[in-house]
S.K.: 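Sharing a structure, written as structure tokens. Questions coming.
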Amino acid sequence: MENNRFELNKNLAQMLKGGVIMDVTTPEQAKIAEAAGASAVMALERIPADIRAAGSVSRMSDPKMIKGIQNAVSIPVMAKCRIGHFAEAQILQAIEIDYIDESEVLSPADDKYHIDKTKFDVPFVCGARDLGEALRRINEGASMIRTKGRARHGRCGTGGAAYAPDAGGNSADRFHGRGRAVRRRERASSSL
Amino acid sequence: MNIGILAVQGAFIEHEQILSRLGASCFEIRQKSDLSRPMDGLIIPGGESTVQGKLLRDLGLFQPLKEKIEAGLPVFGTCAGLLLLARKIENDERRHFATMDIVAVRNAYGRQLGSFSAEAEYDGLGSIPMTFIRAPYIESVGEGVQVLSVVEGHIVAARQKNQLVTAFHPELCDDTTVHRYFLDMIRTNQAID
């Protein structure tokens, strides 16, 4: 049965091919996305650029807001949970989300482990920057892989449960040891 | 035999792979100029019916394909393809080709958690594996529509003359029964011509 869910979840990814998944924050935006030809919508409280600009801890969206979007459109609805935050994923599964994005856009909740996605019936999509990352996520049960944006980070004292766990260094060197050019290059080479 | 596969969105490559296993040649329909190629059959794949319906119109494919279907071109729609061909969708205002006299229910089994696989009889050709992904089913059929498969009391495969639809995805399984059935439809159609 477990393997079967994995197959069915990969099958949904196959149906999304050639489509556009649009970030939306309200039922009205979701309807516009659907009418414009989106093959799925990603329900989130703030779009990633705003999340980064705000610089505070960023969590799973309010389930009530996600449900409003689910009721507004007929296409699949996805939502993000924090890396490693299996309780958020359980909530998203309970409201029957079509895909969970275990996302580096939100504040990571675990600096070592991602969610054990094989324990879930709903599918997961994860970001990866190289084959190794992609294979680790698939081994954990992800049924779709996307390219990866900048791993989210907050300054010390924001109360984030963990800093970017896999952004290629510890938080100290991320925030103090690297020049602006390096960071600009990182920005240029990463896209969501 | 040359089969056109609508390739604007969704799981079209899976159909191509099955057809190539069966030795049938096919081509992708992505824009209007693709329709100038000789076409003996048409496959409308799974995906999102809202997306495919919009792209069909935006790309100017809608009217010419509708005319071909009405003129008797054998057509096979899976999942979203079923919805595009249905005369009426119970829980959706949108209409697309609406060439087949069936009433469909969209996302009839609910969201992704409702997706499932089953085995059921297909038109007396034996039991075949069926994969349902956020699938529709057929609530009722008009006169002249032949019911080919029923799962848990719901119609999941049907045929009306040149039109074949399945709510499930034969292109996601190894079993080739439904595709062979469609190739037979095309051969019969060619014999009549």
Side-chain angles (χ1 to χ4, degrees), chain A residues 1-22 30-41 43 66-67 69-79 89-101 117 120-125 143-144, chain B residues 5-15 17 28 30 45-59 78-81 83 89-94 105-119 129-136 168-174:
Chain A
M1 190 60 200
E2 213 169 273
N3 283 330
N4 189 13
R5 274 317 310 175
F6 185 57
E7 282 305 315
L8 292 167
N9 288 341
K10 280 194 297 180
N11 289 159
L12 177 58
Q14 286 172 274
M15 296 306 140
L16 294 167
K17 286 189 294 187
V20 174
I21 301 164
M22 287 183 79
K31 280 184 191 155
I32 293 169
E34 185 180 44
S39 61
V41 289
I66 297 170
K67 283 184 123 170
I69 288 171
Q70 284 178 312
N71 292 332
V73 293
S74 62
I75 54 178
V77 177
M78 308 182 171
Q90 287 166 340
I91 292 169
L92 292 175
Q93 173 161 284
I95 62 171
E96 298 202 9
I97 203 78
D98 290 301
Y99 244 99
I100 296 174
D101 183 2
K117 294 166 272 290
F120 289 78
D121 287 333
V122 293
F124 278 81
V125 52
S143 45
M144 178 157 62
Chain B
I5 302 179
L6 185 67
V8 292
Q9 191 266 325
F12 48 87
I13 196 112
E14 289 78 357
H15 280 286
Q17 285 158 354
E28 294 179 355
R30 290 174 179 271
E48 282 300 321
S49 61
T50 52
V51 181
Q52 293 186 16
K54 178 180 165 51
L55 288 171
L56 277 168
R57 291 175 176 90
D58 288 357
L59 295 164
T78 57
C79 195
L83 293 168
I89 305 171
E90 193 57 51
N91 50 350
D92 195 330
E93 297 287 293
R94 282 164 282 227
V105 181
R106 222 178 139 205
N107 300 337
Y109 300 94
R111 303 179 191 282
Q112 174 61 6
L113 276 177
S115 294
F116 66 103
S117 53
E119 281 216 1
M130 300 176 177
T131 301
F132 296 83
I133 304 295
R134 284 173 48 96
F168 55 93
H169 293 280
E171 76 279 13
L172 296 178
C173 301
D174 286 333

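It should be emphasised that the depicted structure is a prediction, and the values quoted were computed from it without experimental measurement. So that the names make sense, note that chain A is the first sequence line, chain B the second, and so on, each numbered from 1. Heavy atoms only: backbone and side chains are in, while hydrogens, waters and symmetry mates are out.
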S.K.: Checking heavy atoms, do the side chain of B/Arg111, its backbone, both or neither come under 4.5 Å from chain A?
M.R.: both
S.K.: Using heavy-atom distances under 4.5 Å, tell me whether A/Ala35 contacts chain B through its side chain, its backbone, both, or neither.
M.R.: backbone
S.K.: Who pairs with B/Ala135 by side-chain contact (heavy atoms from CB on, under 4.5 Å), at least two apart in sequence or on another chain?
M.R.: B/Tyr109, B/Phe132
S.K.: Nearest 0.5 Å, please: how far is CZ in B/Arg134 from OG in A/Ser74?
M.R.: 7.5 Å
S.K.: Determine the minimum heavy-atom distance between A/Ala36 and B/Lys54, stating which atoms define it.
M.R.: O-CE, 3.1 Å
S.K.: Can you tell me if A/Asn71 has over 12 outside heavy atoms packed within less than 6.0 Å of its CG?
M.R.: yes
S.K.: Where on A/Leu16 is there a heavy atom nearer than 4.5 Å to chain B: the side chain, the backbone, both, or neither?
M.R.: backbone
S.K.: Salt-bridged, B/Glu14 to A/Lys17, with N to O below 4.0 Å?
M.R.: yes
S.K.: So, taking the atom named SG in B/Cys173 and the one named CD in A/Glu7, what distance separates them when rounded to the nearest 0.5 Å?
M.R.: 9.5 Å
S.K.: For residues A/Gln14 and B/Pro45, determine if any side-chain heavy atom of one lies less than 4.5 Å from a side-chain heavy atom of the other.
M.R.: no
S.K.: Would a distance-only check, ignoring hydrogens and angles, find a side-chain to backbone donor-acceptor pair under 3.5 Å from B/Gln9 to A/Met15?
M.R.: yes
S.K.: Rounded to the nearest 0.5 Å, how far apart are CG of A/Leu12 and CD1 of B/Ile133?
M.R.: 6.5 Å
S.K.: What is the minimum heavy-atom distance between A/Asn4 and B/Ser117, and which atoms define it?
M.R.: ND2-OG, 3.1 Å
S.K.: Between B/Gly46, B/Gly10, B/Ala80, B/Ser49, which residue shows the highest count of heavy-atom pairs closer than 4.5 Å to chain A?
M.R.: B/Gly10
S.K.: Among B/Leu55, B/Val51, B/Thr131, B/Val8, which residue forms the greatest number of heavy-atom pairs with chain A at distances under 4.5 Å?
M.R.: B/Val51
S.K.: What part of B/Ile13 gets closer than 4.5 Å to chain A, counting heavy atoms only: side chain, backbone, both or neither?
M.R.: side chain
S.K.: How far apart are the C-alpha atoms of A/Asn11 and B/His169, what are their side-chain angles, what is the distance that settles it, and do they pass the side chain to side chain contact (heavy atoms under 4.5 Å, CB included) test?
M.R.: CA-CA 9 Å; A/Asn11 289 159; B/His169 293 280; over 6 Å; no
S.K.: My understanding is that only one of A/Asn9, A/Asp121, A/Val122, A/Val77 makes a side chain to side chain contact (heavy atoms under 4.5 Å, CB included) with B/Gln112; could you say which?
M.R.: A/Asn9
